[in-house]
Chemist: 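Please see the structure below; I have some questions.
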Amino acid sequence: MGLDIGPVPVRTIHDRRSTINLPTLSLRTTLNSYKVPAVRGGVCPVAEDTTGSEIRRQRIEKLDKLEELDGQRYPNDFKSTWTAAEAHEKGGDLDTAGLKAAGIRLSLAGRVMAVNSFGKSTFLRIRDRTGILQAYVKLNVVGEDAYQRLKLTDVGDVVGVEGTLFRTRTDELTLAAETYRVLTKGLRPLPEKWHGLKDVEQRQRMRYVDLIVNDGSREVFRTRTRIIAHIRRFLDERGFLEVETPMMHRVLGGANARPFVTHHNTLDLDLYLRIAPELYLKRLVVGGFDRVYEINRNFRNEGLSTRHNPEFTMLEFYWGYATYSDLMDLTEEMLRGLVTDLGDGTSVEYKGETLDFGSPFRRLAVCDALREYCDASEAVFNDPDQAATFALDNEVPGEEADRIRAKHTGTDDESRRNASLELAMAVFENRVEEHLIQPTFVTGFPLAVSPLARRSDHDPTLVDRYELYVSGAEVANAFSELNDPADQEDRFRRQVEAKAVGDQEAMEYDEDYIRALEYGMPPAAGEGIGIDRLTMILTGSESIRDVILFPLFRPEKK
RNA sequence: GGGCCCAUAGCUCAGUCUGGUAGAGCAGUAGCCUUUUAAGCUAUUGGUCGCAGGUUCGAAUCCUGCUGGGCUCACCA
């Protein structure tokens with residue numbers, strides 16, 4: 001059974017503020033020195049949390065002592081001259097004598113990741129956004145006060161060090177401190193230095209901690225950004241214009257999915273969070289931006305899984321005077337370039353398979369796939385009764401099969417074939433997708449499941465559409481666009497009818513979009529690529545939550 | 001929503017099968033230590049064993065329910 005929850009209202013911040021309870025602040029009453037700033041609007045975001053209270057108490061005491069030494073608790077006047085990476089660049093080629101001669105001075109700020117103390121001298125590993133540089137602090141060099149600050153330092157604090165570069169006995173480039181300051185005292189201990197933070201839930205709920213301690217996690221999100229930057233560059237170079245279209249829609253459309261609903265107070269207007277930007281981007285093609293793209297969020301009110309987050313990022317782009325066949329070539333070129341740019345070579349290891357992006361991608365029609373993987377007979381594609389039996393044999397729920405048949409009431413050959421193909425499509429989703437490991441363009445989609453795609457010139461029951469599958473998951477969906485307003489009107493009507501027989505994911509009739517098409521949309525082809533899923537494959541992540549910085553979770557219970 | 005699995009110190013984990021005073025390493029605290037890098041040595045703090053019931057003389061351990069999470073199925077991209 002599917003999730004049978006209706007549209008979920010999204011409350012505004014204003015609404016939530018008026019209903020939230022003021023949490024108690026345990027520390028405020030037990031620790032005089034824990035100074036809490038006033039919070040606007042009387043809503044304090046600090047919830048009661050006694051986690052590691054003993055350790056926190058000790059660290060707050062250290063913070064007090066630092067204030068006694070320095071006159072303030074959280075100084076913000078420290079400037080680092082170089083990053084850790086720049087220090088390694090400047091000093092990396094010099095040996096002990098060379099460094100002494102060069103006398104390279106710098107100041108560096110970052111988080112303390114490890115401390116090795118010898119009483120009157122101490123090594124610190126300091127990490128900034130670019131990497132790690134070791135610092136060496138000696139009592140007789142920095143003086144009593146600075147060394148006292150050092151003794152009040154814990155792993156996890158943010159510090160600032162100024163000094164010159166030298167090499168240790170083990171030949172490690174190190175900053176010999178002349179001054180030492182604690183910039184931000186960490187009140188909570190970092191996870192264990194060797195095993196790190198492994199608990200999946202904690203890593204995702206407290207991403208800030210995950211990013212501090214897990215190198216792999218930082219790398220995944222850097223790679224995600226590189227992927228998006230690469231795609232932008234690729235499209236920009238080819239004359240595509242990046243735009244932003246509305247996230248709040250009055251008419252549901254552009255995809256088949258269940259929406260979130262929100263509300264505009266002044267206009268007293270219910271709005272959907274968009275499930276796809278498609279219909280707006282194609283309005284822009286009408287407007288003359290015939291190479292246009294958007295990389296942004298979509299929202300779908302459906303279940304959560306390792307492949308689904310309620311908000312996810314899509315690239316959608318539209319290319320005037322091109323066809324879905326041109327798009328296949330462009331997509332291959334884009335992904336091949338991306339894989340080459342990110343790693344070495346044209347293949348990617350994912351879930352124990354070597355995915356080959358170097359060779360031309362396989363192209364496979366839906367019907368051929370069903371013949372190959374499910375032994376479908378010809379009758380399955382033309383006779384709704386045979387198709388229904390085929391569907392039930394392949395674990396399509398009877399309820400779904402009935403609903404599909406109810407949408408196709410005509411008795412002519414074309415209607416019968418439409419019904420058969422839509423049933424066959426359900427089997428494809430159940431039985432074929434999992435086999436499509438290597439990048440594969442699946443073509444020959446039924447018109448019945450493609451309300452926005454251009455009808456095939458060779459078969460009126462098919463459309464010029466493909467989906468790209470990689471590692472058994474849909475990564476892209478593309479088609480030659482339907483720009484015949486009369487045909488589009490007819491397709492919208494069918495969506496409305498489908499909604500009437502219980503298809504909760506069907507689109508609504510979009511009058512304004514029809515009007516736009518009546519002004520004339522140039523022939524065009526468009527594609528959507530799931531950035532999260534692409535990132536999963538290119539970073540070796542098995543869960544979508546590993547490539548989304550802050551995935552949706554149930555609220556933490558107190 | 002169904003199935004399987006998990007929840008013990010700030011973190012990583014033993015202990016559960018076979019019920020008998022709550023354990024280790026790291027982190028922390030107090031010392032020693034001026035070239036370490038999972039530094040070392042000595043001592044030591046820290047737990048309502050996810051929550052609520054039940055069985056029992058006695059429950060981290062057995063039973064039931066609940067909460068949160070993971071995988072998976074369904075829905076979907």
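No experiment lies behind these values; they were computed from the predicted model shown.
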Chemist: Using centres under 5.5 Å plus planes under 30 degrees as the test, is A:Phe123 stacked with B:rU36?
Modeler: yes
Chemist: Going by the rule salt bridge (charged side-chain N to carboxylate O under 4.0 Å, His left out), which residues pair with A:Arg105 if we only count those two or more places apart in sequence or in a different chain?
Modeler: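 With neighbours one apart ignored, the set is A:Glu162, A:Glu178.
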Chemist: Within 45 degrees of the axis of the six-membered ring of A:Phe312 and under 6.0 Å from its centre: does A:Arg307 put its NZ or CZ there?
Modeler: no
Chemist: So that I know where these two stand, are A:Tyr272 and A:His249 an aromatic pair - ring centroids less than 6.0 Å apart?
Modeler: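 Here the rings of A:His249 and A:Tyr272 have centres that are no less than 6.0 Å from each other.
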Chemist: Can you tell me which nucleotide in B:rA77, B:rA39, B:rG68 comes closest to the side chain of A:Asn116?
Modeler: B:rA39
Chemist: Considering every strand shown, what is the Watson-Crick or G-U wobble mate of B:rU18 when both distances are under 3.5 Å?
Modeler: none
Chemist: Counting only side-chain N and O atoms of A:Arg167, is one of them less than 4.0 Å from OP1 or OP2 of B:rU36?
Modeler: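 So the side chain of A:Arg167 is outside the cut-off, no N or O lying under 4.0 Å from OP1 or OP2 of B:rU36.
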Chemist: Between A:Arg57 and A:Glu54, does any NZ, NE, NH1 or NH2 come within less than 4.0 Å of an OD or OE carboxylate oxygen?
Modeler: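 Here A:Glu54 pairs with A:Arg57 in a salt bridge, since their nearest N and O are under 4.0 Å apart.
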Chemist: Do any side-chain nitrogens or oxygens of A:Ser121 fall under 4.0 Å of OP1 or OP2 in B:rU36?
Modeler: no
Chemist: How would you label the contact of A:Gln134 with the nucleic acid (heavy atoms, under 4.0 Å): base, sugar-phosphate, or nothing?
Modeler: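 Base, at least one base heavy atom under 4.0 Å.
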Chemist: Sugar-phosphate means primed atoms, P, OP1 and OP2; the rest is base. With that split, encode nucleotides 40-51 of chain B 5' to 3' as B, S or - using protein heavy atoms under 4.0 Å.
Modeler: ------------
Chemist: Report the base-pairing partner of B:rG50 (Watson-Crick or G-U wobble, both distances below 3.5 angstrom), or none.
Modeler: B:rC66
Chemist: Please determine, for B:rU42, whether a Watson-Crick or G-U wobble partner exists with both distances under 3.5 Å, and give it or none.
Modeler: B:rA30
